[in-house]
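Note that ligands are numbered from 1 as they come in the structure, with each ligand's atoms numbered from 1 the same way. What you see is a predicted model, and the numbers here were worked out from it, not measured in a lab. Below, each value reflects all heavy atoms present in this structure, side chains not excepted, and no hydrogens, waters or symmetry copies.
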Amino acid sequence: MPPSQLASPYRTHSCGELRASDAGIEARLSGWVHRRRDHGQLIFLDLRDRHGLTQVVIDSSDAPAAHATASKVRAEFVVTASGKVAKRLAGTENRRLPTGEIELQATDLSILNESKTPPFYINEPDAPIDEALRLKYRYLDLRREPMAERMLLRSRLVHAIRDAHHRAGFVEVETPNLIKATPEGARDFLVPSRLQPGNVYALPQSPQQLKQLLMVAGVDRYFQIARCFRDEDLRGDRQPEFTQLDLEMSFVDEDAVMSFVEAMIVGVSKATVPERPVLSVPFPRLTYAEAMDRYGSDKPDLRFGMELVNLAPELAGADGKASSGFRVFDGTLAAGGAVKAIVAPGLGGASRRETDELTEAARGYGAGGLAHLAVETAGSVKGPIVKFLGDDRAEQLVAAVGASPGDLVLIVADTEKVANEVLGKLRADLGTRLRLADQNVLSYAWITRFPMYEWDAENERWHATHNPFSGVLPEDEELLVTATGDPYRPSPRDPAGRARAMQYDIVLNGWELGGGSVRIWRRDLLERSFALQGQTAEAMREKFGAILDAFDYGAPPHGGIALGIDRWAALLANQTNIREVMAFPKTQSGSDLMLEAPSPPEPEQLAELGLRFVGAKGPTSSEPLKPDSVA
Ligand code: ASP
């Protein structure tokens, strides 16, 4: 940044700007005292602002008054210093600092503001600090270098996103936060209306309906850095309010949306973290069925292999029937289930305790058990099930999964769904534990062709797997019917259960980064889909009246997507918790520890809104973060 932009009566330069070529000029710097070293006649202050660090030296023989002030200064005081820029003596340069070749020889120093001793070290980036303390004093936490860097990364990310969209002809439109509920599958936050007592607004779970209405309005290409609100239990990658890159495009099919988004993602990644390579462009595309079959997950981490292998062919006898000799496998296959495996590289020497732990984990994920075969370094296969299978069959299985000497083969026999899901979770755990993923690369992938619906037995209706507005693949449109013929009486036997959506999710390094779809844009079809989702004609009018009516006035074909910006920033910054890339996040229990929110309202506020709390527990003190919440 050129000096002219930051110069003010307080400073001629920022603390990150002066170089050897500036030696000899007069300069004034202002900032925080990062560190102070008192060498008697010489006092050194490392002066910090968000642009960098400059060494200031005060010599008592040149500037006795400044020296007296410097001896009173403590860490985090805000000071202003002026004097001459000088090259440091040969051998005292600091190569790690861009300003490390010079120092400011201050003849004038004043304290602009004092600081109490901060509750944690600001100048030691690696010091472990209790997260609750960091959140309470977030303004101090944000001064720390790693946090300050992540805030800058996030700002670069959002800047690059805006640039990419404006270049591609998108219009940035703000949509309101006080709206009517838009279902995204979570609980709404409600805001009582003072002007209309007894009525509430909902905070948007996403701008979904509004962006579709903007397509009907002819905006053609819309985007927004949108705040969304979902009242759900919090996890490492969730917060009650979060930010989405929300976009929608007219006259598009799935490919048009995906190719714009893919190019945008590659450009934005390069602009934000140029040092991190994108693993494969074009991004791999997997259908949902393929992702579940090969990786046991609809958000697979493709930075490493460890694919799931179907063992059924190896377990069959000459007649095609399962006859491996191990009852659990044979019985599962005979009942229509699956026997699948993954290979944990290098775990062949796992102890009994380690294999027990893996079995426990598999049970926790829903499997009845976990079988294993260890390939010893000499090549022989060991494991409790070898006595049932026989050595030959065991070796055949090991060969079929591609295990090498020293590897461990983990096998789940269950319904196909459970086998996939359990092995998918073990795969993800082992990937982390065995450090199989290159931490530097960005591995984006598309997952497509999700089922439109899953059966919601409790409410006897189909539940949209992603978005209630998602379109159906043209070849599956005829499936959007009920078995009874009455559109308002869905049942688990409906052909609709087989319909696939024009839905695509974008995955990054094993996280779901976002998802979108080409939408239903005809009123009759949307009504059919809503009916399958259990909406009566009455409820449709009440909840979705605006969009249904709008579709009567010429809705263009359209589709879009939303990407979680907090998740994206966290992944680009190699963090596992989105709190690390949010300026002012909330705790697991939804508290803002700094502002102490939520808090009880004033009685007058309640009265004005015509509200009374029934059975409320009263004010909750802001609970400290539990250790396990720092996911
Ligand atoms: N509205 C969806 C969501 O927030 C994204 C989309 O389909 O565009 O998840």
Do the side-chain N and O atoms of [X] and [Y] include a donor-acceptor pair separated by under 3.5 angstrom?
{"X": "S491", "Y": "R489", "value": "no"}
{"X": "H165", "Y": "R167", "value": "no"}
{"X": "E254", "Y": "T448", "value": "no"}
{"X": "D188", "Y": "Y201", "value": "no"}

At under 4.0 Å between heavy atoms, is it the side chain or the backbone of [X] that contacts ligand 1, or both, or neither?
{"X": "K211", "answer": "side chain"}
{"X": "I561", "answer": "backbone"}
{"X": "H466", "answer": "neither"}
{"X": "A562", "answer": "both"}

Is S206 close to ligand 1, meaning an N/O of one under 3.5 Å from an N/O of the other?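 For ligand 1, there is an N or O atom that lies under 3.5 Å from one belonging to S206.
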Ignoring angles and geometry beyond distance, decide whether D246 reaches within less than 3.5 Å of ligand 1 through its nitrogen or oxygen atoms.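 D246 vs ligand 1: no N/O contact under 3.5 Å.
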For W446 and F283, take the angle between the two ring planes, folded into 0 to 90°, and tell me which bin it lands in: parallel under 30, tilted 30 to 60, perpendicular over 60.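 Correct class here is tilted.
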Should the ring pair W462 and Y453 be called parallel, tilted or perpendicular, given that the plane angle runs from 0 to 90° and is split at 30 and 60?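 The arrangement is tilted - the two ring planes meet at 30° to 60°.
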Between K211 (side chain only) and L247 (backbone N and O only), is there a donor and an acceptor less than 3.5 Å apart?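 Checking the backbone N and O of L247 against the side chain of K211, a donor-acceptor pair under 3.5 Å is found.
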Mind checking whether R519 has a heavy atom under 4.0 Å from ligand 1?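 Yes, R519 has heavy atoms under 4.0 Å from ligand 1.
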Does even one non-hydrogen atom of Q503 get within less than 4.0 Å of ligand 1?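 So Q503 does not count as touching ligand 1.
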Relative to the heavy atoms of N467, which atoms of ligand 1 are at a distance of less than 4.0 Å? 1 (N), 2 (C), 6 (C), 7 (O)
Please list, in number order, the atoms of ligand 1 under 4.0 Å from a heavy atom of G515.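 With G515 as reference, the close atoms of ligand 1 come out as 5 (C), 6 (C), 7 (O), 8 (O).
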Hey, is OH on Y139 packed in by over 12 heavy atoms from elsewhere, all under 6.0 Å? yes
Option of least heavy-atom distance to atom 1 (N) of ligand 1 (set: R230, E512, Q209, Q208): Q208
